[in-house]
Amino acid sequence: KRDKKYKRRIKKGGDLIKIVAEGDSWFEYPVFVKDLIDWLNEDKRYAIKSLSAGGDWLANMYSQREYIRDITSENPSIFLISGGGNDLLGDGRIARLVEEYSKSRESNPETFIKEEFSDLLIFFERLYCTLFGELQDKNIQIICHGYDFAYPSDRVGPGVVQSLVHLATGNGQWINEPLSQKEIKEIEVQHSIVKVVINRFNEMLKGLADIYPHVHYIDLRGMAPDQDNWFDEIHPKSAYFKIMADKFKSKISMLTDLAS
């Protein structure tokens, strides 16, 4: 569907902003939620070639390098990348990154985080550095983000659609259940740990954007602050994805205005 929309807009022509997008479910949520690319596609000035796939890992995106092929063939002015969330939270990985519960750690959630997380961040940093470096000579502007603070949940619903999706996908599998296995069972304590993880991931990306002039970081932290703002543990509801997409649109406008 998205590929057809891209081809239609290219065929129609006009003053289009060509974009290639590679990412995970924040760029490609299967159904029920309008994700970031869905909202960006509402703007008919954009022709977006999306390679995104729900559940994709940054390591897979980099190893397959489909974006190199399409950036070369389509010659876009903007490349959007959304990667790392599944590497952090997929397969219950967060449980391997934190210590067992201790009441004394609650006042300083940083103390829950194991040294393995620092090693994982270094791995992400190297992947992103190589990715950004490979595209340095492509005359393209890269926009990245580090997600908002995912909200742990053990609930089903509210509403019929959300309830069915939660039952089908096992809401809680990404954060609540893995952390509960470490005896970290209070939702707000879990959320404080997620904030540490997401903050450090964001600061890593922000630091890289300061190094590479063609890389632009968007801070989405705090845009969906309440549990009710989230469709499930790791995806905001459509209305909050729209607010986030507006930040992307502002950045795209700034970059394309500078280039024109």
Practice task
Show the numbers, then the answer: is there a side-chain contact (heavy atoms from CB on, under 4.5 Å) between Asp56 and Glu28?
Solution key: CA-CA 10 Å; Asp56 209 355; Glu28 178 70 79; over 6 Å; no

Using a strict 4.0 Å threshold on nitrogen-to-oxygen distance, state whether [X] and [Y] make a salt bridge.
| X | Y | answer |
| --- | --- | --- |
| Asp219 | Lys247 | no |
| Asp3 | Lys49 | yes |
| Asp43 | Lys249 | yes |
| Glu203 | Arg221 | yes |
| Glu42 | Lys34 | yes |

Heavy-atom distance under 4.5 Å between the side chains of [X] and [Y], does that happen here?
| X | Y | value |
| --- | --- | --- |
| Leu179 | Gln190 | yes |
| Ile37 | Leu80 | yes |
| Ser77 | Gln141 | no |
| Phe123 | Asp119 | no |
| Ile218 | Cys144 | no |
| Ile140 | Ile78 | no |
| Tyr212 | Cys129 | yes |
| Leu255 | His216 | yes |

Using distance alone, with no hydrogens and no angle criterion, decide if [X] and [Y] have a side-chain donor and acceptor under 3.5 Å apart.
| X | Y | result |
| --- | --- | --- |
| Asn202 | Tyr217 | yes |
| Ser118 | Arg200 | yes |
| Tyr6 | Arg9 | no |

Atom pair [atom1]/[atom2] of [X] and [Y] - distance to nearest 0.5 Å:
| X | Y | atom1 | atom2 | result |
| --- | --- | --- | --- | --- |
| Glu22 | Arg65 | CD | CZ | 12.0 Å |
| Ile193 | Thr111 | CD1 | OG1 | 8.5 Å |
| Leu208 | Phe132 | CG | CZ | 6.0 Å |
| Ile94 | Ile175 | CD1 | CD1 | 6.0 Å |
| Tyr147 | Leu220 | OH | CG | 10.0 Å |

So which atom in [X] and which in [Y] form the shortest heavy-atom distance, rounded to 0.1 Å?
| X | Y | value |
| --- | --- | --- |
| Met61 | Tyr67 | O-CE2, 3.4 Å |
| Phe124 | Gly84 | CZ-O, 3.9 Å |
| Val197 | Phe117 | O-CZ, 3.6 Å |
| Pro236 | Trp26 | CD-CZ2, 3.6 Å |
| Arg93 | Leu88 | CB-O, 3.5 Å |
| His235 | Tyr29 | ND1-CE1, 3.4 Å |

Exercise for the section: Using the rule that two of Ile, Leu, Val, Met, Phe, Trp, Tyr join whenever any of their side-chain heavy atoms come within less than 4.5 Å, decide whether Ile122 and Ile211 are in one cluster. Expected result: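 No; tracing contacts between hydrophobic side chains, which count when under 4.5 Å, never links both residues.
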
Exercise for the section: Please confirm whether Arg105 makes a cation-pi placement over Tyr101, using NZ or CZ under 6.0 Å from the six-membered ring centre and within 45° of the ring normal. Expected result: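 No; the conditions do not both hold, so Arg105 does not lie above the ring face of Tyr101.
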
Exercise for the section: May I ask you to check whether Trp39 and Phe248 place their ring centers less than 6.0 Å from one another? Expected result: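 Here the rings of Phe248 and Trp39 have centres that are no less than 6.0 Å from each other.
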
Handout entry: The single option from Thr256, Asp246, Ile143 passing side-chain contact (heavy atoms from CB on, under 4.5 Å) against Lys251
Key =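 Only match with Lys251 under side-chain contact (heavy atoms from CB on, under 4.5 Å): Ile143.
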
Practice task
Please answer whether the main-chain N or O of Gly23 pairs with a side-chain N or O of Ser82 as donor and acceptor at a distance below 3.5 Å.
Solution key: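 Here the side-chain-to-backbone pair does not exist.
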
Exercise for the section: Let me see the working for Leu205 and His145 under side-chain contact (heavy atoms from CB on, under 4.5 Å), right down to the final yes or no. Expected result: CA-CA 7 Å; Leu205 274 179; His145 74 93; 5.9 Å; no

Practice task
Show the numbers, then the answer: is there a side-chain contact (heavy atoms from CB on, under 4.5 Å) between Tyr240 and Met223?
Solution key: CA-CA 7 Å; Tyr240 295 89; Met223 302 199 76; over 6 Å; no

